[in-house]
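Notes to accompany the following structure.
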Amino acid sequence: MDNSMEILGLYPTWYQPALGSGWVLGIIAVVHVLASHTSVGAALVSTWLATVAVRRNRPELLEYVRRYGVFLLVFSYVLGSITGPGIWFSATVASPRGLSALIHSYVWWWATEWVFFFIEVIGIYLLVYLAGKVDGRSYLKIAWIFGLASWATMLIIVGILSFMMWPGQERWFTEGGTLNGFFGLYTFAQILSRTCFMLMAAALAGGLIAAYLRDGAFRLEMTRKLAWVGILGAVLGAVFFQWGLTTLPESAQLLMKTRLPGSFVPAMWAILAAIVVYFAALLLRPGALNVPLAGGMMVGLLIFGIWPEERARESMRKPYVAGQFVYSNQIIARDVPALGVKSELPALEARGMLALHPFIPQHLRRIGEGNELEAGHALAIVYCSNCHGLGTTGTRPFGEMFAGNRDAADIERFIKGALVTGNMVNMPRIPLRDDEAHALAQFIASLPLWHSITR
Ligand code: HEC
């Protein structure tokens, strides 16, 4: 072992007892996904509508684009710009090394994304405030720059997020290269399916504005237009989503089969089917559209569509949080020669987490008679809490693990047999030393979780 490695470069663990840090991040992210997907889709739809409005000289269509723009400014851009930094803040504390892995590889791409976002924000203001006030050609230029800039933000983010799931090309680990990490088949499948689902979300949100239109005939026309966009988005999105599933690496395929509830894929199809039925019904009876209906569909999409989808995506990359080399509990688990990064598992195996983590209190560095439970608690927070609630709530809570077994010796056997050896598909290998495994088992057995379970 490398003796210079006295202490690992780990950060303090953010422990959120009720929900778990992952869920706090997840809740913020899901709202962000709704806002951002709606706004990118709406930018594309608005560009199209603005083009038709100018070409066919239809001021009422331009007025629709303006109102839709106001709605986006208030809804998507405000919610999106609150939750966007929210993701950065929560990810910084929940997963500092995961974020660092992304930033180290993609800082300039992110800077580029921010430039596009900046253009997008200026674009939406211009689109709203210049509607009907500048000549058609200029307005179209603004609309197209806005639409393309908006889509470009998505393009870059999807590439970075795909890298977060798994680097696009295996050779990225040895050669590096941002493009090697950015582009894999999965990236393309994501770009296509997300673009389509964004159009679908934009059609749902567009219904909210259409429902307010006074002019009956125009309102029916808009409702039908949006319904077609929605159906097209949902159906094509489903096709590309299905293709995306086939581009997943083997580990993720296995995970989908073994760990996602069997109801996940059928539930996703059911949601899409419900949305297609909704739009088809609007095609037949466009007069039925109203604000509660359109609003309800948006909320439904958030709760039944985006939340389970994003959660599944989260699970699929387990045990890693970024790039298939940083575990969710922040430990670096494989050598990445391209970054000059080395696996920390050998050092942890030899010396133990308590000795190597910089933020372990001095009196817990060595396990002895008096500090076993406290040391076990520290280990649970550092090693497990990023993926497991230590109580009965939040993410995969310990209260539901261990098959209700509260026998310390059994728990220790499980820890040594499955975790230390890394025999679990989607759980990291956790290289506890014997004394650490013993302390952790004592702590878990002492948790006041077991009252509801009789054995
Ligand atoms: C990278 C995330 C991650 C970390 C870190 C992690 N686990 Fe897990 N653990 C999982 C996942 C995922 C499952 C699968 C359970 C599921 O899908 O609901 C799991 C399952 C379990 C189970 C149930 C096993 C079974 O087959 O029923 C136990 C017990 C468990 N973990 C204990 C621990 C302990 C103890 C630690 C810390 C030393 C820990 N885990 C750290 C992700 C993690």
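We use all heavy atoms of the structure for the numbers below, so side chains are in, but hydrogens, waters and symmetry mates are not. Ligands are counted one by one from 1 in listed order, and the atoms in each one are counted from 1 as well. When a residue number appears, it is its place in the shown sequence, counting from 1.
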Atoms in ligand 1 flagged as close to Tyr383, the criterion being non-hydrogen separation under 4.0 Å: 5 (C), 37 (C), 38 (C), 41 (C)

Aromatic ring pairing Phe71/Tyr68, orientation class (parallel under 30°, perpendicular over 60°, tilted between): tilted

Shortest protein contact, atom 12 (C) of ligand 1 (heavy atom only): Arg396 NE, 3.2 Å

Approximate separation, where rounding is to 0.5 Å, of Arg313 CZ and Ser162 OG: 8.0 Å

Other residues, nucleotides, ligands: >12 heavy atoms within 6.0 Å of Arg365 CZ: yes

Any Leu19 side-chain heavy atom under 4.5 Å of Thr393 side chain: no

Which segment of Leu432 sits under 4.0 Å of ligand 1 when only heavy atoms are counted: neither

Side-chain heavy atoms of Phe75 within contact of Leu34, under 4.5 Å: yes

Test item: Pro358 and Leu10 side chains (from C-beta on) under 4.5 Å apart, heavy atoms: yes

Shortest heavy-atom approach to atom 22 (C) of ligand 1 - which of Gln330, Met353, Arg317, Met401: Met401

Distance from atom 37 (C) of ligand 1 to nearest protein heavy atom, with residue and atom: Cys384 SG, 1.8 Å

Min heavy-atom dist Ile430 to ligand 1 below 4.0 Å: yes

Min heavy-atom dist Leu419 to ligand 1 below 4.0 Å: yes

Where ligand 1 meets Met424 - atom numbers and elements under 4.0 angstrom, heavy-atom basis: 24 (C)

Atoms of ligand 1, numbered as shown, that sit under 4.0 Å from any heavy atom of Phe414: 24 (C), 28 (C), 29 (C)

Protein heavy atom at shortest distance from atom 1 (C) of ligand 1: Cys387 SG, 2.8 Å

Contact check, side chains of Leu232 and Leu199, non-hydrogen atoms, under 4.5 Å: no

Apex atom 8 (Fe) of ligand 1 - arms NE2 from His388 and SD from Met427 - angle rounded to 10°: 170°

Phe359, CZ atom: more than 12 neighbouring heavy atoms under 6.0 Å: yes

Leu348 vs Tyr383 side-chain heavy atoms within contact, under 4.5 Å: yes

Identified ring-ring contact (aromatic ring centres under 6.0 Å, His included) counterpart of Trp109 within the set Phe116, Phe163, Trp114, Phe182: Phe182

Interfacing atoms of ligand 1 (cut-off 4.0 Å, heavy-atom, Lys318): 1 (C), 2 (C)

Within-shell test, Tyr327 vs ligand 1, heavy atom, strictly < 4.0 Å: no

Proximal ligand 1 atoms for Leu440, defined as those under 4.0 Å from one of its heavy atoms: 38 (C)

Whether Tyr320 lies under 4.0 Å from ligand 1, heavy atom: no

Protein heavy atom at shortest distance from atom 17 (O) of ligand 1: Arg259 CD, 3.4 Å

